[in-house]
Amino acid sequence: MRLLCMTVLVVLMESHESSLVLKQDPEWLSICGGSYLFSKESVSWQWATDYCQTRGAHLLQLDNIQENNCILAESYSRNLDGYHYWHSTTDIEVEGVLRQGDGTELLWQPRWYQYSPDSYVDPNGGDTENCFAVTFINDHNAGRWMDVRCTDIYHFICEN
């Protein structure tokens with residue numbers, strides 16, 4: 001029985017890993033003092049997190065405004081802009097307390113996404129929006145963060 005359970009577990013793990021395949025595997029870029037992988041496809045936050053982990057990396061952790069701005073500038077120069085990208089910050093554990101993927105509390109204040117010049121500003125989703133994306137679109141929201149549902153579909157960036 002124990003052997004059967006272990007076999008089933010291995011098969012489940014292998015099928016989960018094989019489901020973490022993109023149509024086109026992106027390449028790693030050495031930029032901003034690190035190594036980053038920009039996805040060309042959109043997936044959920046959990047799928048992106050799992051994909052990065054299977055590549056020996058983690059979902060992008062924006063440690064400061066300089067890293068946020070550097071990756072924004074690089075996305076423009078490499079024609080990777082035009083998308084919202086998942087990063088590792090969430091407030092899943094405690095609403096309003098932003099934690100990075102490594103569990104540390106966010107120590108800087110990001111600029112927040114504004115849906116229109118005269119409308120509300122994120123974060124505004126309460127406990128239904130617990131994952132965060134950064135906007136790399138060349139408009140008034142460039143480099144700004146959004147709080148969104150973790151099941152929404154966005155591009156993502158892995159960091160190594």
Side-chain angles (χ1 to χ4, degrees), residues 12-29 31-32 34-63 65 67-104 106 110-117 119-160:
L12 288 173
M13 288 174 56
E14 286 175 354
S15 70
H16 178 69
E17 266 189 39
S18 67
S19 69
L20 296 175
V21 175
L22 295 173
K23 292 176 190 164
Q24 181 182 1
D25 260 346
E27 63 185 60
W28 288 95
L29 303 175
I31 56 173
C32 305
S35 186
Y36 301 89
L37 180 149
F38 287 73
S39 73
K40 297 184 182 338
E41 298 172 46
S42 299
V43 298
S44 71
W45 184 89
Q46 188 61 59
W47 198 99
T49 299
D50 292 346
Y51 178 87
C52 293
Q53 289 174 351
T54 64
R55 301 307 184 268
H58 56 85
L59 200 55
L60 173 66
Q61 180 168 311
L62 293 165
D63 293 316
I65 192 69
E67 183 178 19
N68 194 97
N69 292 344
C70 182
I71 294 174
L72 172 64
E74 286 289 340
S75 76
Y76 288 157
S77 71
R78 295 170 185 270
N79 294 318
L80 298 167
D81 60 314
Y83 304 104
H84 304 299
Y85 285 91
W86 287 122
H87 56 85
S88 69
T89 304
T90 70
D91 64 354
I92 290 172
E93 290 180 19
V94 178
E95 180 61 30
V97 177
L98 278 60
R99 296 208 174 271
Q100 300 273 41
D102 66 0
T104 60
L106 187 69
R111 295 181 310 251
W112 293 105
Y113 192 90
Q114 188 170 2
Y115 288 87
S116 70
S119 74
Y120 60 92
V121 176
D122 262 345
N124 60 28
D127 63 2
T128 63
E129 296 181 347
N130 292 316
C131 292
F132 292 81
V134 61
T135 302
F136 292 158
I137 297 174
N138 196 0
D139 68 8
H140 70 281
N141 281 311
R144 292 177 184 246
W145 288 24
M146 311 181 312
D147 70 329
V148 292
R149 292 184 314 267
C150 299
T151 55
D152 286 351
I153 305 296
Y154 295 112
H155 284 68
F156 62 95
I157 301 171
C158 296
E159 182 177 12
N160 199 352

Heavy-atom side-chain contact between Thr135 and Met146 under 4.5 Å: yes

Polar side chain donor-acceptor pair, Trp45 to Asp152, under 3.5 angstrom: no

Shortest non-hydrogen separation from Ala57 to Cys158 and the atoms involved: CB-CB, 4.3 Å

Closest non-hydrogen atom pair between Arg111 and Asn68, with its separation: NH2-ND2, 4.2 Å

Residues in ring pair (Phe, Tyr, Trp, His ring centres under 6.0 Å) contact with Tyr85, at least two apart in sequence or another chain: Phe38, Phe136, His155

Close side-chain approach of Leu60 and Tyr36, heavy atoms under 4.5 Å: yes

Where Val43 and Trp86 come nearest, the two heavy atoms and their spacing: O-NE1, 2.8 Å

side-chain contact (heavy atoms from CB on, under 4.5 Å) between Val148 and Phe132, intermediate numbers included: CA-CA 6 Å; Val148 292; Phe132 292 81; over 6 Å; no

Beyond-backbone contact of Glu95 with Asn130, side-chain heavy atoms, under 4.5 angstrom: yes

Any donor-acceptor pair under 3.5 Å from Arg144 side chain to Trp112 backbone: yes

Side chain to side chain, Cys150 and Ile92, heavy atoms closer than 4.5 Å: yes

Non-hydrogen atoms of Leu59 and Ala48 that approach each other most closely: CD1-CB, 3.9 Å

Donor-acceptor contact present, side-chain Ser39 to main-chain Phe156, <3.5 Å: yes

Short side-chain to backbone donor-acceptor contact, Ser44 and Thr151, under 3.5 Å: no

Rounded distance [0.5 Å steps], CD in Glu129 versus OG1 in Thr90: 13.5 Å

Test log, rule side-chain contact (heavy atoms from CB on, under 4.5 Å), inputs Ile65 and Glu67: CA-CA 5 Å; Ile65 192 69; Glu67 183 178 19; over 6 Å; no

Minimum side-chain heavy-atom gap Asp147-Asp91 below 4.5 Å: no

From CD1 (Ile157) to SG (Cys52), nearest 0.5 Å: 9.5 Å

Min side-chain heavy-atom separation Tyr83-Tyr154 under 4.5 Å: no

Closest approach of Tyr51 to Leu37 (non-hydrogen atoms, all atoms of both residues): CE2-CD2, 4.2 Å

Euclidean distance, Arg99 CZ relative to Leu106 CG, rounded to 0.5 Å: 10.5 Å

Spatial distance of atom CG (Leu29) from atom CG (Asn160) [nearest 0.5 Å]: 12.0 Å

Contacts of His58 that satisfy ring pair (Phe, Tyr, Trp, His ring centres under 6.0 Å) - sequence neighbours left out: none

For Ser42 against Ile153, the heavy-atom pair lying closest together: CB-CG2, 3.1 Å

Contact check, side chains of Ile137 and His84, non-hydrogen atoms, under 4.5 Å: yes

Salt bridge (charged side-chain N to carboxylate O under 4.0 Å, His left out) involving Glu74 - partner list, sequence neighbours excluded: Arg78

Donor-acceptor contact present, side-chain His140 to main-chain Gln114, <3.5 Å: yes

Donor + acceptor pair across side chains of Asp63, Gln61 (<3.5 Å): yes

Minimum side-chain heavy-atom gap Leu62-Trp145 below 4.5 Å: yes

